[in-house]
K.L.:
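I have a structure I would like to understand better, so I am pasting it below and will then ask my questions one at a time.
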Amino acid sequence: MAQGFLVALVAAVLCFEAAAAAGEFNYGDALDLSFLYLEAQRSGKLPADRRVKWRGDSGLKDGLAQGVNLVGGYYDAGDNVKFGLPMAFVTTILSWGAIDFNKEITNANQMDNTLKAIKWATDYFLKAHTSRNVLWGQVGDGSSDHFCWQRPEDMTTPRTAFKIDESHPGSDLAGETAAALAAASIAFKTYNSAYSNLLLVHAKELFTFADTFRGLYDDSIPCASGFYTSSGYWDELLWAAAWLFRATGDEYYLKYTVDKAVSFGGTGWAMKEFSWDNKYAGVQVLLTKVLLEGRSGGYESTLKQYQAKADYFACACLQKNDGYNINKTPGGLLYAHEWNNMQYASAAAFLMAVYSDYLSAANAKLICPDGVFEPKELLNFAQSQADYILGKNPNSLSYLIGYGPKFPQKLHHRGSSIASIFTDPAPIGCVQGFDYWYHRPQGNPNVLHGALVGGPDKNDRFGDDRSEYEQTEPTLTASAPLIGLFSKLHSSVNGHQIPGSRGHQPPVKRENESPDANVPVAAGSPVEFIHTITSTWTVNKESYYRHQVKIKNTSGKSIKNLKLHLENLTGPIWGLSPTQQKGIYELPEWLTVLQPGSECVFIYIQEGPQAKVTISSYH
């Protein structure tokens, strides 16, 4: 039995590799997972309907010692610190996706989750902007936090809050927060106009503050240095102005980007990176949109210079830039930095998906030193990065946690690596966390669904080791671009394929068996099981089958907490979670309710007859 299971597991990986080679990734599934990671990173009082059940409330006294309410926001990565600069960038990118891929996100039925993800951050920023020229930019100290390994619910480290003001400026932090609120105001405009207007008021004030009182935020908040050190603030000022122009249409902000184009490097810097610290490529693409739409007014000459730099970045991504290209691993992943390289790859892929749409809308092409390219080539590049993330790579490993049959298990993430407070309510001490959880050889007890880890090195090598934080730590900055990226690919590649129905290849018919057969269910059953053999192969003369079972709610009512009994299951299974009862499985934690007429899918692989599927219980 053990040998058969091992062979089946190997065959499962081979099957996934074949699907990856055929480009059969379901980006809708990946999109849904990505939201779960954002929800797992929430700080503050969590909603009753939260989908990540192993997380609890945390940071409920943040800001109290300083007399300000700073409850809420997001933890940045695998630690328990709320860093304002990367959180603001994440908010800008989430909002950009909601704006430019509004139709795609809406068609994927994910706009509600998108706006909730944005609002969790913007509500925090509104509280953090306590007066016109004061912005609280960080809660917690990275150094003291990193000495401890604790769940966010157990934190005993100092929750000191840090701010910028007129005497201690931070143009980069204030500028990025202004950009975030301006972009979010556009995203919310048609859904909540009053909230949109409020965000815009704060965005304008923060931009004026950033521009009037100039300085680096990590000079004013020294403990941010070493974690999110800023390389400058000129790009954030241009970035904020570009977003405020898009949000308001006020020529003042466009003129600002033109007047400062040379002195702030907007038309001078040719970039090979787009990130939380470097916004130039984003500015250049945003302002190219203005040019392509014929709204340049008397600024066409300067905007064309911005476009030239946007094209430089795009050509460097496509490896068509006369040798001045962005580095790639042998397997095809963009490679910019050793620590958490995936954030640079995902951000570049998102930006190129956006720029592809801008060029397409204007019937324009990308002109590179090595040729002229259709906008579709930029989207193809974006897809190549997404596919690498999802498993089309030399390791046949999905770097998005929970996607596919093989993904990292030992993430450098405090909350994921320690038993949930609901499972083990006893407080975990600072050092105790290292002794009992950090150094344990087993995988993390809580699956951090949707997290994008740091990824492999420049040679595609990856070590699934909790101590290798460069590779196994997930970050918000890596995941935020995936919302827009996966929604775009889900629409253009999958064609609105229903999440959970992976792949396009026709079912492989087993001898004397229909490829689509209803699994017998009891009379009056609220669901229908539709069983399909989607692939078959032979290893050492043993035949293995990939079984897909579609669960369809035919009851006309919502079904909650559906549990299934699987008999004669001998191979690995995906799409269902095992319970403590033998042979009893439940739907994933993000799918506790199966709506009338809706469907979900699970997959298993084994040799011999199919497993028998029956209902164990439901509400």
K.L.:
Distance from Thr122 atom OG1 to Ile118 atom CD1, nearest 0.5 Å?
P.N.:
7.5 Å
K.L.:
Does Arg414 reach the main-chain N or O of Pro152 with its side chain, forming a donor-acceptor pair under 3.5 Å?
P.N.:
no
K.L.:
Determine whether the side chains of Thr477 and Gln343 contain a donor N or O and an acceptor N or O closer than 3.5 Å.
P.N.:
yes
K.L.:
Does Lys406 reach the main-chain N or O of Asn395 with its side chain, forming a donor-acceptor pair under 3.5 Å?
P.N.:
yes
K.L.:
Measure from the side-chain N and O atoms of Thr329 to the backbone N and O of Asp460, and report whether any donor-acceptor pair falls under 3.5 Å.
P.N.:
no
K.L.:
Could you check, using the six-membered ring where one of them is a Trp, whether Trp149 and His412 have ring centers closer than 6.0 angstrom?
P.N.:
yes
K.L.:
Does Val71 offer a backbone N or O that forms a donor-acceptor pair with the side chain of Asn69 under 3.5 Å?
P.N.:
yes
K.L.:
Tell me if the CG atom of Asn109 is crowded by more than 12 foreign heavy atoms within 6.0 Å.
P.N.:
no
K.L.:
Are any of the side-chain heavy atoms of Arg466 and Arg440 separated by less than 4.5 Å?
P.N.:
yes
K.L.:
What heavy-atom pair brings Ile105 and Gly97 nearest, and what distance separates the two atoms?
P.N.:
CD1-O, 3.6 Å
K.L.:
Looking at Gln409, I'd like to know if its CD atom is crowded, meaning that more than 12 non-hydrogen atoms belonging to other residues, nucleotides or ligands lie closer than 6.0 Å.
P.N.:
yes
K.L.:
With a 6.0 Å cut-off on the ring centroids, do Phe89 and Phe274 count as close?
P.N.:
yes
K.L.:
Flag the pair Met342 / Tyr399 as yes when at least one side-chain heavy-atom distance between them is below 4.5 Å, and no otherwise.
P.N.:
yes
K.L.:
Going by atom types alone, do Asp277 and Ser231 pair a side-chain donor with an acceptor below 3.5 Å?
P.N.:
yes
K.L.:
Between Ser467 and Tyr438, is any pair of side-chain heavy atoms under 4.5 Å apart?
P.N.:
yes
K.L.:
Check for me whether the distance between the ring centres of Phe162 and Trp136 falls short of 6.0 Å.
P.N.:
no
K.L.:
Would a line drawn from the ring center of Phe350 to the ring center of Trp96 be shorter than 6.0 Å?
P.N.:
yes
K.L.:
Would you name the heavy atoms of Asn26 and Tyr403 that are closest together and state the gap between them?
P.N.:
N-OH, 3.0 Å
K.L.:
Does atom CZ (Phe147) have a neighbourhood of more than 12 heavy atoms from anything else shown, all under 6.0 Å?
P.N.:
no
K.L.:
With distance as the sole test, does Lys560 use its side chain to make a donor-acceptor pair with the main-chain N or O of Tyr618 at under 3.5 Å?
P.N.:
no
K.L.:
Determine whether a donor-acceptor pair (N or O, by modelled atom type, separation under 3.5 Å) exists between the side chain of Thr579 and the backbone of Ile584.
P.N.:
yes
K.L.:
With side chains defined as the heavy atoms from C-beta onward, is the minimum distance between Ile326 and Leu334 less than 4.5 Å?
P.N.:
yes
K.L.:
Please tabulate, for the side chains in residues 168-177, all donor-acceptor contacts under 3.5 angstrom to protein atoms that are two or more places apart in sequence or on a different chain.
P.N.:
{"from": "His168", "atom 1": "ND1", "to": "Asp165", "atom 2": "OD1", "distance (Å)": "3.0"}
{"from": "Ser171", "atom 1": "OG", "to": "Ala210", "atom 2": "O", "distance (Å)": "2.7"}
{"from": "Ser171", "atom 1": "OG", "to": "Phe213", "atom 2": "O", "distance (Å)": "3.3"}
{"from": "Ser171", "atom 1": "OG", "to": "Gly215", "atom 2": "N", "distance (Å)": "3.1"}
{"from": "Asp172", "atom 1": "OD1", "to": "Tyr217", "atom 2": "N", "distance (Å)": "2.9"}
{"from": "Asp172", "atom 1": "OD2", "to": "Tyr217", "atom 2": "N", "distance (Å)": "3.4"}
{"from": "Asp172", "atom 1": "OD2", "to": "Ser230", "atom 2": "OG", "distance (Å)": "2.6"}
{"from": "Glu176", "atom 1": "OE1", "to": "Trp239", "atom 2": "NE1", "distance (Å)": "3.1"}
{"from": "Glu176", "atom 1": "OE1", "to": "Lys279", "atom 2": "NZ", "distance (Å)": "2.6"}
{"from": "Glu176", "atom 1": "OE2", "to": "Thr92", "atom 2": "OG1", "distance (Å)": "2.7"}
{"from": "Glu176", "atom 1": "OE2", "to": "Trp239", "atom 2": "NE1", "distance (Å)": "3.1"}
{"from": "Thr177", "atom 1": "OG1", "to": "Leu173", "atom 2": "O", "distance (Å)": "2.7"}

K.L.:
Do Met87 and Tyr124 come within less than 4.5 Å of each other through their side chains, counting heavy atoms only?
P.N.:
yes
K.L.:
Could you check whether Gln110 and Asn113, counting side-chain N and O atoms only, form a donor-acceptor pair closer than 3.5 Å?
P.N.:
yes
K.L.:
To the nearest 0.5 Å, tell me how far Lys116 NZ sits from Leu38 CG.
P.N.:
13.5 Å
K.L.:
Indicate the atoms forming the closest heavy-atom contact of Ser43 with Ser58, along with that distance.
P.N.:
OG-O, 3.8 Å
K.L.:
For the atom pair CG (Asp145) and CG (Asp79), what is the distance rounded to the nearest 0.5 Å?
P.N.:
5.0 Å
K.L.:
Please work out whether the ring planes of His337 and Tyr344 are parallel, tilted or perpendicular, with thresholds of 30° and 60°.
P.N.:
tilted
K.L.:
Please work out whether the ring planes of Phe25 and Tyr27 are parallel, tilted or perpendicular, with thresholds of 30° and 60°.
P.N.:
tilted
K.L.:
Does the structure place the NZ or CZ of Lys82 under 6.0 Å from the centre of the six-membered ring of Tyr74, at an angle of no more than 45° from the ring's axis?
P.N.:
no
K.L.:
What is the minimum heavy-atom distance between Ala128 and Leu70, and which atoms define it?
P.N.:
CA-CD2, 3.8 Å
K.L.:
Checking Asn561 side chain against His619 main chain: does a donor-acceptor pair fall under 3.5 Å?
P.N.:
no
K.L.:
With Trp120, which of Thr91, Leu46, Leu94 fulfils side chain to side chain contact (heavy atoms under 4.5 Å, CB included)?
P.N.:
Leu46
K.L.:
Kindly check if the number of other-residue, nucleotide or ligand heavy atoms within 6.0 Å of NZ (Lys189) is above 12?
P.N.:
no
K.L.:
Do you see a donor-acceptor pair shorter than 3.5 Å between the side chains of Tyr195 and Asp123?
P.N.:
yes
K.L.:
Taking Asp218 for the side chain and Pro222 for the main chain, is one N or O donor matched with an acceptor at less than 3.5 Å?
P.N.:
no
K.L.:
CG/Asp154 to CD1/Ile418 distance, rounded to the nearest 0.5 angstrom?
P.N.:
7.5 Å
K.L.:
Are any non-hydrogen side-chain atoms of Leu411 and Val453 less than 4.5 angstrom apart?
P.N.:
yes
K.L.:
Testing the 3.5 Å rule here: is there a donor-acceptor pair between the side chains of Ser417 and Asn444?
P.N.:
no
K.L.:
Listed by chain and number, what are the disulfide (SG to SG under 2.5 Å) partners of Cys223, not counting sequence neighbours?
P.N.:
none
K.L.:
Is the shortest side-chain heavy-atom distance between Pro474 and His413 below 4.5 Å?
P.N.:
yes
K.L.:
Give a yes or no on whether the backbone of Pro456 and the side-chain of Gln471 come within a donor-acceptor separation of less than 3.5 Å.
P.N.:
no
K.L.:
Less than 6.0 Å separating the ring centroids of His129 and Phe209?
P.N.:
no
K.L.:
Please tell me whether Asn340 and Tyr469 have a donor and an acceptor in their side chains that are separated by less than 3.5 angstrom.
P.N.:
no
K.L.:
Show the numbers, then the answer: is there a side-chain contact (heavy atoms from CB on, under 4.5 Å) between His202 and Leu126?
P.N.:
CA-CA 7 Å; His202 283 266; Leu126 293 180; 3.4 Å; yes
K.L.:
Could you go through the side-chain contact (heavy atoms from CB on, under 4.5 Å) check for Leu85 and Phe227 one step at a time?
P.N.:
CA-CA 11 Å; Leu85 183 59; Phe227 298 95; over 6 Å; no
K.L.:
Before you tell me yes or no, could you show the steps for Thr157 and Gln150 under side-chain contact (heavy atoms from CB on, under 4.5 Å), namely the whole-Å CA-CA distance, both residues' side-chain angles and the distance that decides it to 0.1 Å?
P.N.:
CA-CA 9 Å; Thr157 50; Gln150 292 176 293; 4.3 Å; yes
K.L.:
As a quick check of understanding, evaluate side-chain contact (heavy atoms from CB on, under 4.5 Å) for Ser346 and Leu485, giving each step before the final call.
P.N.:
CA-CA 8 Å; Ser346 67; Leu485 176 62; 5.5 Å; no
K.L.:
How many angstroms lie between CD in Gln138 and CG in Asp62, if you round to the nearest 0.5 Å?
P.N.:
11.5 Å
K.L.:
Got Pro408 and Leu397 here, is their nearest side-chain heavy-atom distance under 4.5 Å?
P.N.:
yes
K.L.:
Would you say the side-chain atoms of Glu39 pair up with the backbone N or O of Leu36, donor to acceptor, closer than 3.5 Å?
P.N.:
no
K.L.:
Would you give the length of the straight line joining atom CG of Leu351 to atom CD of Glu273, rounded to the nearest 0.5 angstrom?
P.N.:
12.0 Å
K.L.:
Decide if atom OH of Tyr191 counts as having more than 12 heavy atoms of other residues, nucleotides or ligands within a radius under 6.0 Å.
P.N.:
yes
